[in-house]
There are 2 protein chains.
Amino acid sequence: MTLTDLRYLVALARERHFGHAAERCNVSQPTLSVAIKKLEDELAVTLFERSAADVKITDIGARIVAQAERVLLEAGQIKELATAGRDPLSGPLKLGVIYTIGPYLLPHLIPRVHGAAPSMPLLIQENYTARLAESLKRGDLDVIVVALPFEEPGIVTQAVYDEPFRVLMPAGHAWEEDAAIPAARLAEAPLLLLGAGNCFRDQVLEVCPLCRGGEGLQRTLEGSSLETIRHMVATGAGITVLPSSAADPLPGGNSLLTVRPFEAPEPFRRIALAWRVTYPRSGAIDVIRAAILGSPLQGVRPVGR
Amino acid sequence: MTLTDLRYLVALARERHFGHAAERCNVSQPTLSVAIKKLEDELAVTLFERSAADVKITDIGARIVAQAERVLLEAGQIKELATAGRDPLSGPLKLGVIYTIGPYLLPHLIPRVHGAAPSMPLLIQENYTARLAESLKRGDLDVIVVALPFEEPGIVTQAVYDEPFRVLMPAGHAWEEDAAIPAARLAEAPLLLLGAGNCFRDQVLEVCPLCRGGEGLQRTLEGSSLETIRHMVATGAGITVLPSSAADPLPGGNSLLTVRPFEAPEPFRRIALAWRVTYPRSGAIDVIRAAILGSPLQGVRPVGR
DNA sequence: GGTAGGCAATAGTGATTCACTATACATCGT
DNA sequence: ACGATGTATAGTGAATCACTATTGCCTACC
């Protein structure tokens, strides 16, 4: 029993004439005749009473035809689903973003994606890189925004932008005098840091290897966020390092804080998109990338593909 | 897209492993692999993300699998319908009976059929032979009970029983003296007859060709029934001829009427079943025949097949 | 960092199925 | 009886299906 057979069946039930039904199905009369006979044999049921005068459907035949119509209808739905799903910009996209990017990127990203792909709702999760990687591999996420380096088997990455680091200090801080801060100087002040698991913490410590050893001068704030740290800096609890997208928008409305760039070579992080090599909706990824690059993230430098 | 393809599809969605899914479908891994690829090409959609680690279903894939399961479910219903419909004794049987048999046969027939085939309800229509023939050919009826001769293209008949005719007269009638009545004598009395269209009318007139010419001696009662004629005979309006199944049960409880057989050669009618040659439920016809023969129709003689 | 093992994809082949043309067969109406 | 109409059957070629054998790829292990 194939779907073609069922199509022949309902055609014959409608036309009540083998020749006409065959014509409607664009096949020869014997083809349809044989197919119907095969169906009857397979089901061990007489579906039609054939006579020279006309073709009559049996009771059981009528019931089976009705069921066949249902089958064909449902099968047609498959094609419709496929057509609707062929557009990579249709259907939800599960996006993961690390904690230190989400709050600064998403407010810009979401409306842009919605504008470019209105029928692609974003399902967003913020988390640590490691967790995002897990979810991505499991298939719980489709695309993630992380900082490089990021190497995982079966995962491909594409750099999107570089983002320089800034030093954030309370207004009136001694370093305010300097236009740029040397990285090594971080070891001299109480440095507020995110908890372990945040890749940004590690990147900051890489900028200033002395900090790791300089006992007591850096304070780790477990379960915290850059925003919390910023408030703490404002209260004079210490200084910190922020990515430019988080730091640069600040001075305007916040006179309690001062932002300074690092001295060259300016430390920075490279932000990238990552997805499974096998992920088929590359068009969706392009939209995400474009939306990120279209977002007004201060201080960032796009990375050519 | 075939139903087999869809079966492979849902198996793979369940197993998430080409080899296991193939095994479950009793085919080789390449077979399933190719089939899935063919489906994806046909639908122009990626249904699964394949990687060495595992097989992930895409969003659109999951929706299509759900739809495929619906299709397979409905297709399975076809087989169930066929299995249920394979029994010729299941499903309603549309039975037609001529007016001059119905009232005497059906009260016996119906319970017997119900006993022999409880899941075969009878849909009964009483009518003239010509109307029954029309309905039978159109397919509005499946089997009819008629008097022979009955010849129609595409229709086969099977004699079931012979039924002698009787003379019915009011009690005290002059002919009461005789044990048997010669057919020719019918022309001598006011003969009450059914209207045109009733085959029994014609058969009675054939018994006594003189009656047709003997003007005024026979009266035609249009739109009447044997029962009405019987009442009229009881009131002395004339005599009539009845089939034995209608006449023989009478004398017991009706002292106003007298029944006499004809002289040999006893006129009779041959009652038969008729159905389309193409009608597939021969088992149902056998049940009807057996039920008729099992009915206590007085005076009738079964006709061997 | 090389290698073995697991897994899906591909190649190549044979069997089955599908659909065609030509024709036979059945029935009905003239 | 014969022609018209309509379905079934025969016979053939093409397409599809499913198989075995093999390749290619990735991962994980040593």
Side-chain angles (χ1 to χ4, degrees), chain A residues 1-9 11-13 15-42 46-58 61 133-134 137-138 151-156 276-280, chain B residues 1-9 11-13 15-42 46-58 61 133-134 136-138 151-156 275-280:
Chain A
M1 182 171 67
T2 74
L3 290 172
T4 308
D5 293 337
L6 297 185
R7 265 186 281 275
Y8 295 164
L9 174 63
L12 182 56
E15 300 287 337
R16 311 208 120 106
H17 185 290
F18 280 76
H20 299 168
E23 193 172 358
R24 178 173 286 254
C25 295
N26 300 310
V27 296
S28 68
Q29 170 264 316
T31 296
L32 190 134
S33 206
V34 168
I36 296 290
K37 182 149 186 48
K38 186 170 65 70
L39 243 190
E40 287 184 324
D41 287 350
E42 184 177 343
T46 304
L47 299 172
F48 296 93
E49 288 186 43
R50 296 115 159 120
S51 63
D54 63 344
V55 173
K56 287 183 193 59
I57 192 161
T58 63
E134 263 315 298
K137 286 199 279 188
R138 250 204 318 276
E151 299 285 337
E152 290 285 342
I155 304 293
V156 293
R276 295 182 296 280
V277 250
T278 56
Y279 187 65
Chain B
M1 181 172 64
T2 75
L3 290 172
T4 307
D5 292 338
L6 298 185
R7 265 186 282 274
Y8 295 165
L9 175 63
L12 182 56
E15 299 287 337
R16 310 207 122 99
H17 185 289
F18 280 75
H20 299 167
E23 192 172 359
R24 176 173 288 252
C25 295
N26 299 310
V27 296
S28 68
Q29 169 264 315
T31 295
L32 191 134
S33 206
V34 168
I36 296 291
K37 181 148 186 50
K38 186 170 65 70
L39 243 188
E40 287 183 324
D41 288 350
E42 183 178 343
T46 304
L47 300 172
F48 296 93
E49 287 185 43
R50 297 114 159 119
S51 63
D54 62 345
V55 173
K56 287 185 194 58
I57 192 160
T58 63
E134 263 316 298
L136 184 63
K137 287 199 280 190
R138 250 204 321 277
E151 299 285 336
E152 290 285 342
I155 304 294
V156 291
W275 60 90
R276 296 181 296 281
V277 251
T278 55
Y279 188 64

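A, B, ... follow the sequence lines: proteins, then strands. Residue 1 opens every chain. Note: hydrogens, waters and symmetry copies are ignored here, and every other heavy atom, side chains too, is used.
- Rounded to an integer number of Å, the gap from Leu12(B) CG to dC7(C) P is 14 Å.
- Smallest separation of non-hydrogen atoms from His17(A) and His20(A): ND1-N, 3.0 Å.
- Between Ile36(B) atom CD1 and dT10(C) atom C1' the separation is 16 Å, expressed in whole Å.
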Give every pair of a protein N or O atom and an N or O atom of nucleotides 26-30 of chain D that lie under 3.5 Å apart, one pair per line with the distance.
unit_1, atom_1, unit_2, atom_2, d
dT27(D), OP1, Gly154(A), N, 3.3

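- Residues Thr2(B) and Leu3(A) fail the side-chain proximity criterion, which asks for heavy atoms closer than 4.5 Å.
- dT7(D) atom P lies 13 Å from atom CD of Glu40(A), rounded to whole Å.
- Judged by distance alone, the side chain of Gln29(A) and the main-chain N or O of Phe18(A) form no donor-acceptor pair under 3.5 Å.
- As rounded to whole Å, 13 Å separates atom C1' of dT9(D) from atom CZ of Phe18(A).
- In this structure Arg276(A) satisfies the salt bridge (Lys or Arg N to Asp or Glu O under 4.0 Å) test together with Asp142(A), Glu49(B), sequence neighbours excluded.
- Considering every non-hydrogen atom in both Phe48(A) and Val55(A), the closest pair reads CD2-CG1, 3.7 Å.
- Look at CZ on Arg16(B): it is 23 Å from P on dG6(C), rounded to the nearest Å.
- Residues Val27(B) and Tyr8(B) are in side-chain contact: their nearest non-hydrogen atoms beyond the backbone lie under 4.5 Å apart.
- For His17(B), whose side chain is taken as the heavy atoms from C-beta onward, the closest listed nucleotide among dT10(C), dA9(C), dA8(C) is dA8(C).
- At whole-Å resolution of the value, NE2 in His20(A) and P in dT5(D) are 11 Å apart.
- Rounded to an integer number of Å, the gap from Glu49(B) CD to dA8(C) C1' is 15 Å.
- Phosphate contact (OP1/OP2 of dC7(C), side-chain N/O of Arg50(B), threshold under 4.0 Å): absent.
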Polar atom pairs between nucleotides 15-22 of chain D and protein, under 3.5 Å, N or O only, would you list them?
unit_1, atom_1, unit_2, atom_2, d
dA18(D), OP1, Tyr8(B), OH, 3.4
dC19(D), OP2, Ser28(B), N, 2.6
dC19(D), OP2, Ser28(B), OG, 3.0
dC19(D), OP2, Thr31(B), OG1, 2.6

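- Rounded to an integer number of Å, the gap from CD of Glu42(A) to P of dT17(C) is 11 Å.
- With Thr58(B) contributing its side chain and Leu47(B) its backbone, the two residues share a donor-acceptor pair below 3.5 Å.
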Q: Determine, stepwise, if the pair Ile155(A) / Tyr279(A) fulfils side chain to side chain contact (heavy atoms under 4.5 Å, CB included).
A: CA-CA 9 Å; Ile155(A) 304 293; Tyr279(A) 187 65; over 6 Å; no
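- For the pair Val277(A) and Val156(A), the tightest heavy-atom approach, listed with the atom from each and the gap, is CG1-CG1, 3.2 Å.
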